[in-house]
Structure formats: C-alpha cells, structure tokens
Protein chains: 2
Amino acid sequence: MITLAEENYLKAILSISLNEGGKVSTNAIANEIGTSAASVSDMLKKLQEKKLIKYKKYKGVELSESGQNKAINILRKHRLWETFLVNKLGFNWSEVHDVAEQLEHIQSAELIDRLDIFLEHPKFDPHGEPIPTKEGEIPSTNTTPLNELQVNTKGKIMGVSLDEKDFLDYLTKLNITIGTEITLLEKISFDKSLSIKIANTKQHISNDVAKHLLIKIS
Amino acid sequence: MITLAEENYLKAILSISLNEGGKVSTNAIANEIGTSAASVSDMLKKLQEKKLIKYKKYKGVELSESGQNKAINILRKHRLWETFLVNKLGFNWSEVHDVAEQLEHIQSAELIDRLDIFLEHPKFDPHGEPIPTKEGEIPSTNTTPLNELQVNTKGKIMGVSLDEKDFLDYLTKLNITIGTEITLLEKISFDKSLSIKIANTKQHISNDVAKHLLIKIS
DNA sequence: TTATATTTTTAGAGTAGTCTAAAAATTTAT
DNA sequence: ATAAATTTTTAGACTACTCTAAAAATATAA
Ligand SMILES: [Mn+2]
Ligand SMILES: [Mn+2]
Ligand SMILES: [Mn+2]
Ligand SMILES: [Mn+2]
C-alpha cells in the first residue's frame with residue numbers, strides 16, 4: 001500500500017526532476033512540499049525501503065521505475081480531473097488546482113479510464129500541460145518560454161508552467177489565455193521585463209510572468 | 001479541522017440512527033465501521049471534545065446539531081458522486097459504492113454545488129436512496145420493505161436499503177432493478193422466504209433479500 | 001438479589017507522519 | 001588546505017489513529 005503522503009513525495013520528486021533534471025535534493029523536495037528537510041529525510045528512507053526511489057544519503061534521489069510509474073499516474077489523474085472540473089463543471093482554470101490535489105489520490109483505475117473516455121481522451125489540461133497517457137508517456141510540447149524568445153517574434157500561447165490562482169487570475173486580467181496570439185516587442189535589460197502585443201494592445205509584463213508562458217512560434 | 005476518520009464515525013452514527021433511531025451504542029459503531037470497541041471509545045471522546053456528538057459514558061451517543069449537519073453533508077456527497085458515476089461515467093449500480101466512499105471526503109463546497117447542477121439536481125441516487133438537499137433535508141420516501149407487505153400486494157421497487165456488490169449483482173440476475181413491478185405471491189412461514197412475480201415470472205427470494213427491497217404499493 | 005454474561009471503558013503500546021534542535025557531511029570561500 | 005557556510009541526517013518528541021488485554025459498568029438470569 002502507498003499512503004497519501006508517499007504519493008505526494010513521489011509527485012514532488014517527479015515534478016522537480018522534470019523541471020531540473022538529474023538527482024533531486026532533500027531541500028528541493030522540502031521546499032516543493034512545504035515541509036522540513038528532516039521530514040524529507042525520514043520519508044526518503046521509507047520510500048527507499050519500498051523501492052520507489054534510488055537514494056544514497058547526501059547524494060540526492062531519483063525515482064525508480066515503479067516510483068516513476070506511480071508518480072506519472074498521479075500526474076495523469078491530476079490533469080484529467082482538472083480537465084473535468086473546467087470542461088464539465090464550468091470551473092475557471094485558476095480554481096481547479098487545489099481540488100485536483102485531493103482528487104488525484106482517489107484509488108480506482110476503472111474510474112480514471114472512464115473519466116478519460118468521458119472527456120474524450122484529452123491531450124492537454126486547462127493549463128496547456130500535457131496529460132500523460134495510460135501507458136505513462138508524457139507527450140513533449142514544442143514550446144519556448146516567452147522570456148527566451150527573440151524580439152519581434154510572433155507566437156501563440158500553448159500553455160503555462162505555473163498553476164497558481166494569483167498568476168492565472170492575473171493572466172486573465174491581461175486577456176492572456178491558451179491560444180492567445182502574442183508578439184514580443186521589446187526586452188528591457190535592466191529588469192528583464194517585456195513589452196508584448198496582444199490583440200493589438202501593447203502591454204508590459206515582468207520576467208517572472210513571462211518565463212511561465214509557453215509559446216509556439218508562428 | 002475534521003479528519004477523514006472523524007468523518008467516517010459521524011457518517012456511521014448517522015447511518016445507525018437513521019436505521020434504528022435513538023442513542024447509538026459503541027458496539028454498533030464498531031460493527032458498522034469494522035473496528036474495535038476500544039477505538040470507538042477513544043474516538044467518541046475526541047468527537048465529544050469537538051462538540052460533534054452528545055455522549056455520556058456507557059449511555060450511548062447521538063449527533064449534535066453540527067455533527068448531524070456534517071454527517072448529512074457527507075451522505076449528500078456520497079450519493080451525488082454515486083449518481084455521477086452511474087449516470088455520467090456508465091458504471092453499474094453495484095460498482096460505485098467503494099469509490100464513492102473515497103470521493104465523499106473531498107473538501108470543496110463549490111465542487112458539490114457544481115456537481116449537483118451538472119447532474120440536474122437529482123433527488124435519488126442509483127440505489128433509490130434520497131439525496132439530502134444542500135440545506136440538510138433528507139426527503140422521506142413513502143416505501144415499505146417487501147417482507148412487510150401483505151400477500152397478493154402489487155407494487156413497484158423504488159430503492160434498496162443495502163449497497164453491497166454481491167446483493168446488487170444478485171438483484172440484477174433476478175431482473176430486479178429500480179422501477180421493476182413486483183407482486184408478492186406467498187410468504188413461507190418456516191423461513192420467512194417469499195414467492196414473488198416479476199414480469200410474469202415467478203421467483204423465490206429469502207427474507208434477507210426482501211427486507212432490503214423498498215416497495216411503493218400500487 | 002446475587003451471580004453470570006455482555007458491553008463499554010481504560011491502560012498500554014504500535015504505526016505513520018510531523019516537528020525542532022543538534023550533529024554530521026558536504027560545499028564554498030579564504 | 002583550512003575555515004566557514006550550507007546541506008543533510010539523526011535524535012527525540014508530539015499528534016492522530018489503531019490495536020489487544022484487562023478492568024469497570026451494565027444487563028440478564030437463576
Ligand atoms: Mn494543477
Ligand atoms: Mn494543470
Ligand atoms: Mn453507497
Ligand atoms: Mn447509494
């Protein structure tokens with residue numbers, strides 16, 4: 001049996017290694033989960049026991065084959081539930097993450113299979129994030145963070161890499177959502193902020209915002 | 001904060017008092033939850049602390065106002081989720097209880113409001129059990145258990161009072177479901193078993209089965 | 001009404017997960 | 001290469017929930 005806490009650790013390790021690659025540090029996990037490094041150390045020992053991770057003290061951690069399968073399945077459930085909440089229940093994309101954090105732990109393979117069918121096998125969640133397949137594939141999306149684009153490049157927003165209410169509500173206020181056409185007008189070297197054009201309106205955003213906007217160049 | 005275990009205790013107390021009325025005994029709860037009487041005693045003290053129950057040692061327990069509200073809300077969630085699983089995801093009525101046991105603990109009032117709308121405000125769950133309203137009303141159903149009917153009475157099955165896979169699968173095998181017209185032909189005094197007629201076919205069922213079939217006399 | 005059986009509570013202990021403080025290991029700077 | 005800073009682990013303790021065994025209370029029967 002795998003506990004809810006263990007599931008959250010596996011998910012955190014997956015999330016960090018998808019973003020940063022390589023071994024994951026104790027502190028990175030503590031930071032991601034919002035817990036102490038001591039608790040992480042404790043838990044890593046338990047996950048090691050269960051062969052869900054490969055862990056050498058002080059040397060960082062990575063998911064084992066079975067740990068990775070479990071983690072990806074949780075990610076799949078999270079994103080399918082978010083899709084359900086937005087597409088079927090009419091939630092706003094900024095409102096679904098916290099509920100999905102609970103729903104992702106419901107244990108029933110049959111439920112997820114049927115949900116996937118009910119949603120007509122969605123490929124992306126409401127934030128443009130790819131939904132892992134039942135087989136554990138995470139389709140790679142060919143996108144670039146907005147802050148890495150060249151000036152005068154035109155593209156379309158395919159997704160966001162941050163799922164926090166404040167951030168998503170701010171995007172909505174800026175008329176930014178998935179599918180929005182965007183042109184990068186200018187990069188300010190002083191603070192790395194950007195001038196952009198959306199629907200013929202010029203706007204200014206910080207680098208912190210831009211780096212979480214995933215663009216497909218057109 | 002209320003824990004998952006506490007929620008299950010409140011639900012068990014509600015369920016027992018709906019069936020039997022009056023104070024609920026420690027053993028009845030232990031039996032319902034499948035735990036020891038000692039654990040129940042422990043937990044009753046905690047629920048008392050939180051003013052969710054009225055409890056005098058050795059004298060049994062009843063829900064407080066706030067405990068009852070909480071318990072009814074869990075029942076509402078359970079039955080709405082079961083309705084979702086059957087009506088939207090195509091599960092069989094015998095397959096949904098265990099998953100609903102998990103889903104009923106998801107914390108989000110908004111989610112349940114929207115689910116209720118999505119399901120078009122269902123009044124009954126897939127087992128014919130009434131779904132409590134948001135205000136906490138449990139609509140009473142004017143039905144009689146089949147084993148309490150007079151011989152030669154005709155009626156319609158409005159619901160079942162037991163939600164176990166074996167039982168429901170057996171009913172399906174007998175062509176019994178909600179809405180089925182049924183006539184009570186004979187009561188065997190020796191073992192209290194019953195002869196019944198369904199769709200012009202004569203069948204024989206035990207008292208144990210009959211008592212969980214809720215009939216509206218026609 | 002005293003004895004017996006049943007029910008309920010307490011006592012003591014175990015597991016899972018969490019925390020803070022301190023020790024040990026590793027990395028960075030001088 | 002040593003010292004200082006940082007990271008990670010261990011130690012010890014706490015909460016929530018669980019259990020078995022034994023004691024206390026209540027119900028039933030002779
Ligand atoms: Mn999310
Ligand atoms: Mn998402
Ligand atoms: Mn049920
Ligand atoms: Mn039901």
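Below, chain A is the first sequence line, B the second, and so on; all start at residue 1. As a basis for the values below, the full set of heavy atoms in this structure was taken, side chains included, without hydrogen atoms, waters or symmetry mates.
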When the distance from [atom1] of [X] to [atom2] of [N] is rounded to whole Å, what number comes out?
{"X": "A/I33", "N": "C/dC19", "atom1": "CD1", "atom2": "C1'", "value": "15 Å"}
{"X": "A/Q48", "N": "D/dT8", "atom1": "CD", "atom2": "P", "value": "16 Å"}
{"X": "A/Y55", "N": "D/dT7", "atom1": "OH", "atom2": "P", "value": "16 Å"}
{"X": "B/Y58", "N": "C/dT7", "atom1": "OH", "atom2": "C1'", "value": "8 Å"}
{"X": "A/I29", "N": "C/dT18", "atom1": "CD1", "atom2": "C1'", "value": "16 Å"}
{"X": "A/K59", "N": "D/dT9", "atom1": "NZ", "atom2": "P", "value": "11 Å"}
{"X": "A/M1", "N": "C/dG17", "atom1": "CE", "atom2": "P", "value": "10 Å"}
{"X": "A/N27", "N": "D/dT8", "atom1": "CG", "atom2": "C1'", "value": "8 Å"}

Does CG in B/D191 sit with more than 12 non-hydrogen atoms of other residues, nucleotides or ligands closer than 6.0 Å?
->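 Yes, the 6.0 Å shell around CG holds more than 12 heavy atoms from other groups.
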Stepwise side chain to side chain donor-acceptor pair (under 3.5 Å) test for A/S206 and A/D208 = CA-CA 5 Å; A/S206 70; A/D208 260 8; 5.5 Å; no
Nearest-0.5 Å distance that lies between atom CG in A/L14 and atom CG in A/L63 =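 These two atoms lie 6.0 Å from each other.
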Where the side chain of [X] is concerned, which of [options] is the nearest nucleotide?
{"X": "A/K57", "options": "D/dT20, C/dT8, D/dT10", "answer": "D/dT10"}
{"X": "A/S36", "options": "C/dC19, D/dT9, C/dT8", "answer": "C/dC19"}
{"X": "A/S39", "options": "C/dC19, D/dT18, C/dT26", "answer": "C/dC19"}

A/K77, A/H78, A/R76 screened by side chain to side chain donor-acceptor pair (under 3.5 Å) with A/E104, the one that passes =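 The option that passes is A/H78.
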Quick check on [N]: is either OP1 or OP2 less than 4.0 Å from any side-chain nitrogen or oxygen of [X]?
{"X": "A/S41", "N": "D/dT10", "result": "no"}
{"X": "A/T35", "N": "C/dC19", "result": "yes"}
{"X": "B/K45", "N": "C/dT9", "result": "no"}

Below 3.5 Å between N/O atoms, which protein atoms pair up with nucleotides 14-17 of chain D? Just atom names and distances, please.
residue, atom, partner, partner atom, Å
D/dC17, OP1, B/T3, OG1, 2.1

Apply side chain to side chain donor-acceptor pair (under 3.5 Å) to A/N27 and A/S25, showing your working.
-> CA-CA 5 Å; A/N27 260 2; A/S25 74; over 6 Å; no
Please step through side-chain contact (heavy atoms from CB on, under 4.5 Å) for the pair B/V160 and B/I178, ending with a clear verdict.
-> CA-CA 8 Å; B/V160 295; B/I178 290 176; 5.8 Å; no
Parallel, tilted or perpendicular: which fits the ring planes of A/F118 and B/F84, with parallel below 30° and perpendicular above 60°?
->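 Judged by the thresholds at 30° and 60°, the geometry between A/F118 and B/F84 is perpendicular.
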